S.K.: 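Have a look at this one before I ask anything.
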Amino acid sequence: MDLNSLHRKELVEKLQSAGIKDKEVLKAIGRVKRELFVKDEFKKYSYDNIALPLNSNQTISQPFTVAFMTELLEIKPDDKVLEVGTGSGYQSAILKELGAKVYSIERIKELYNSSKEKLFKLGYNVNLKNDDGTKGWIENAPFDKIIVTAGSPRIPKQLLDQLSIGGRMVIPVGDEVTQKLLLVKKIQSEDEKDKEPKYKFKTYEDFKFVPLIGEEGWTISN
Ligand code: SAH
């Protein structure tokens, strides 16, 4: 066994003792080579449970956060999943390992280009778009699951609209420093088809993401 696969195995054990239970999620983390999504100078930290810098001042999320969000989504094979914030492409690869159809949007051209090349090279067939993901991806909506991997001041209305009935969304909401992770479930019973759908929320404290910048996110320009 090479050193990276040994470290990957140790990371999976760490995530398991940190409370991740979903066996399929753990298996996916155990299969994806995180070192391929990390910049050369940080490769030695690939299997530490920490976020790491990407280009353009962005970060690849902490493995625990990736595992936790993915577990909350309850991905089933063939689920149609929208990711907002492709970043390195690592989260997309995890979703592909779980058998999902993945649509991922990244607003920074440089990151869009590099994740596109990487995911293609690794054989992950992900639909990518260089745009503001707070608007969703209307041509491919509705989505069974939506994962937002950047921190937002609110839940973008267009993302709620593009979530399927019975669908789940995870999104960090808060200020620019810390956020709560929200799990949103969209509900509409058969006899209420003519009414607006309902939403159920669960919150998980204390996460830290880079800002979601766009029409329905923060308005910082860079
Ligand atoms: N899921 C990524 C995490 C990347 S960090 C991974 O696995 O590596 C979050 C990313 O969201 C950054 O790359 C940032 O540029 C991007 N982002 C921020 N606002 C966005 C928006 N409105 N639309 C799309 N991407 C956005």
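FYI, side chains are in, hydrogens and waters are out, and symmetry mates aren't considered; it's all heavy atoms of this structure. Owing to the predicted nature of the structure, the values given are computational and were not obtained by experimental measurement. In listed order, ligands and their atoms are each counted from 1.
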S.K.: Using modelled atom types only, decide if a donor and an acceptor are shared between the side chain of Ser115 and the backbone of Gly89 within a distance under 3.5 Å.
M.R.: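 Such a contact is absent between Ser115 side chain and Gly89 backbone.
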S.K.: Answer yes or no: are there more than 12 heavy-atom neighbours, outside Phe120 itself, under 6.0 Å from its atom CZ?
M.R.: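 Not buried by this count: 12 neighbours or fewer within 6.0 Å.
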S.K.: Does NZ belonging to Lys193 count more than 12 external heavy atoms closer than 6.0 Å?
M.R.: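 More than 12 heavy atoms, drawn from other residues, nucleotides or ligands, come within 6.0 Å of this atom.
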S.K.: Measure and list all N/O to N/O distances between ligand 1 and the protein that fall under 3.5 angstrom.
M.R.:
| unit_1 | atom_1 | unit_2 | atom_2 | d |
| --- | --- | --- | --- | --- |
| ligand 1 | 1 (N) | Glu83 | OE2 | 2.9 |
| ligand 1 | 1 (N) | Gly85 | O | 3.0 |
| ligand 1 | 1 (N) | Thr149 | OG1 | 3.2 |
| ligand 1 | 7 (O) | Gln91 | N | 3.1 |
| ligand 1 | 8 (O) | Ser88 | N | 3.0 |
| ligand 1 | 8 (O) | Ser88 | OG | 2.6 |
| ligand 1 | 13 (O) | Glu106 | OE1 | 2.7 |
| ligand 1 | 13 (O) | Glu106 | OE2 | 3.4 |
| ligand 1 | 15 (O) | Glu106 | OE2 | 2.6 |
| ligand 1 | 19 (N) | Ile213 | N | 3.0 |
| ligand 1 | 22 (N) | Asp132 | OD1 | 2.9 |
| ligand 1 | 22 (N) | Ile213 | O | 2.7 |
| ligand 1 | 23 (N) | Gly133 | N | 2.8 |
| ligand 1 | 25 (N) | Arg107 | N | 3.2 |

S.K.: Name the one of Leu183, Val173, Val184 that satisfies side chain to side chain contact (heavy atoms under 4.5 Å, CB included) with Phe201?
M.R.: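 One option only clears the test, and that one is Val184.
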S.K.: Assess whether atom NZ of Lys116 is packed by more than 12 heavy atoms of other residues, nucleotides or ligands within 6.0 Å.
M.R.: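 Check fails, neighbour count at 12 or below.
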S.K.: Please check if atom CD in Glu117 has more than 12 non-hydrogen atoms from other residues, nucleotides or ligands closer than 6.0 Å.
M.R.: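 Open.
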